[in-house]
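Notes follow once the structure below has been shown.
Letters A, B, ... are given to chains in the order of the sequence lines, protein chains preceding strands, and every chain is numbered from 1.
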Amino acid sequence: MTLVYAGVCSHAPGITGRAQRADPALREPFYASFRQMGEEIRAQQPDALIVVAAEHFANFFMDNMPAYCMGMAEDYEGPIEDEQWLGIERRRIPGNAELANRLIERMLHDVDLAYAQEWKFDHGVMVPLHFLTPAYDVPVIPININCQGPPITPLHRAYEFGRTLRKACDAVDERIAVVGTGGLSHWPATPDSGKINETWDRTFLDRWLANDREALTSYSDEATYFDAGQGGFEIRTFIAVAGAAEGSTGELYYYAPIPIFAVGCTIARMHL
Amino acid sequence: MSLYTVQKLLYQLNRDRSVQQRYKDDFAALLEDYDLTGEERHALAAPDIGLLYVMGVNGQLLMHYAALCGFEWDQYISAMREGLAEHGSVRAGLYAATDDRGAVS
Ligand SMILES: [Fe+2]
């Protein structure tokens with residue numbers, strides 16, 4: 001068993017880019033939980049951190065859109081965004097191409113996974129790394145689940161993908177941490193930015209913490225779009241981590257809507 | 001297909017610093033490389049963030065483009081609202097405002 005950590009977190013660009021505009025009474029405990037997750041991950045001394053992300057047309061566009069893709073590069077660059085706008089400096093982030101290669105080989109037995117030797121990180125990966133590995137000293141292996149351009153992968157496939165990822169992690173000797181990152185309900189990049197459906201989020205989180213596969217994968221995309229916005233499609237990243245932690249249940253470290261961050265800010269982990 | 005082309009341009013512009021350099025040096029020449037309608041060319045060049053939003057440009061692409069054009073956050077949100085007031089509902093895509101105005105004032 002070499003999956004040593006499994007967690008989930010938010011990644012909205014406002015978390016770093018509009019930090020000063022948030023209520024400190026909400027922001028500071030959220031940041032503290034984010035950093036605590038980073039300390040827990042680093043305490044496990046992982047050889048790699050897999051970030052299951054829902055990027056936003058940073059690398060993949062509708063000319064050739066994989067449902068699932070894994071990075072297999074020596075290193076990565078990010079953020080693509082204006083550094084001041086995001087509040088994160090552009091830098092190189094170490095990868096682990098050789099380990100990624102072995103994981104991909106293993107996963108291809110169960111799933112038709114795409115892979116990429118070039119990859120730039122947007123806020124969807126950079127915001128989590130800013131808190132989790134602030135020294136950028138843990139090799140990162142990115143995974144993208146297309147949550148942006150329909151048709152998108154069904155939820156039960158996201159859970160299954162997580163199970164496959166777990167199998168691959170457990171088949172190698174390296175110690176691997178996995179973090180899924182996405183929004184729950186939110187309407188980012190619209191005039192509704194800041195709208196958050198807290199009731200919907202809390203129900204989803206209860207299901208995630210209980211690792212209730214059936215309940216987690218029962219949402220239709222129509223209902224999610226209506227109740228949780230297009231940003232709600234990113235629950236696929238959380239569901240994949242639940243799949244990777246099948247049989248385990250979770251603990252919620254932080255949840256609160258922070259409207260200027262445009263999302264219900266969430267930090268939670270599974271106890272593997 | 002044309003909205004697709006607008007989005008492809010923004011995708012390449014947002015992620016590629018050599019395309020960003022061309023945008024700075026001669027945006028009109030860059031736009032020539034893409035098969036765009038007059039309205040699309042105008043909306044990109046102005047830039048008219050509100051019109052691009054109403055045309056159905058993916059929100060994430062547009063948010064990054066607005067930042068690249070130097071829009072402050074509040075200015076970017078108001079530009080989308082003004083677009084709705086001026087041009088009507090979002091014509092395509094997933095990033096429509098839930099009440100055509102923006103729920104949070
Ligand atoms: Fe996102």
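- The aromatic rings of B:His64 and A:His123 stand perpendicular to each other, their planes meeting at an angle above 60°, with 30° marking the opposite boundary.
- Seen from the ring of A:Tyr255, A:Arg202 does not count as a face-on cation partner, given the 6.0 Å and 45° thresholds.
- Chain A forms the most heavy-atom pairs under 4.5 Å with one residue out of B:Gln12, B:Arg17, B:Met63, B:Gln20, and that residue is B:Arg17.
- With a threshold of 4.5 angstrom between heavy atoms, A:Pro79 does not approach chain B through any atom at all.
- Within the 4.5 angstrom heavy-atom criterion, no atom of A:Phe121 approaches chain B.
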Side-chain donor/acceptor pairs under 3.5 Å, residues 43-51 of chain B, sequence neighbours excluded:
residue : atom : partner : partner atom : Å
B:Asp48 : OD1  : B:Gly50 : N            : 3.3
B:Asp48 : OD1  : B:Leu51 : N            : 2.9

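- The contact between B:Leu61 and chain A is made entirely by side chain atoms (from C-beta outward), counting heavy-atom distances below 4.5 Å.
- Proximity to chain B (any heavy atom under 4.5 Å) is shown, for A:Gln84, by neither the backbone nor the side chain.
- A:Glu55 does not touch chain B: none of its heavy atoms, backbone or side chain, sits under 4.5 Å away.
- Only the side chain of B:Tyr53 comes within contact range of chain A, with heavy atoms under 4.5 Å apart.
- Contact of B:Glu72 with chain A is not made at all, since no heavy-atom distance falls under 4.5 Å.
- Contact annotation for A:Phe226: neither backbone nor side-chain heavy atoms come within less than 4.5 Å of a heavy atom of chain B.
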- request: Please lay out, stage by stage, how A:His11 and A:His56 fare under the test side chain to side chain contact (heavy atoms under 4.5 Å, CB included).
  value: CA-CA 11 Å; A:His11 67 232; A:His56 318 85; 3.3 Å; yes
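- You'll find the side chain of A:Val178 reaches within 4.5 Å of the side chain of A:Val52, heavy atoms only.
- A 4.5 Å side-chain heavy-atom check between A:Ile15 and A:Ser10 finds at least one atom pair inside the cut-off.
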Cut-off 3.5 Å, no hydrogens considered: what does the side-chain donor-acceptor table look like for residues 257-267 of chain A, sequence neighbours left out?
residue  : atom : partner  : partner atom : Å
A:Thr266 : OG1  : A:Gly264 : O            : 2.8

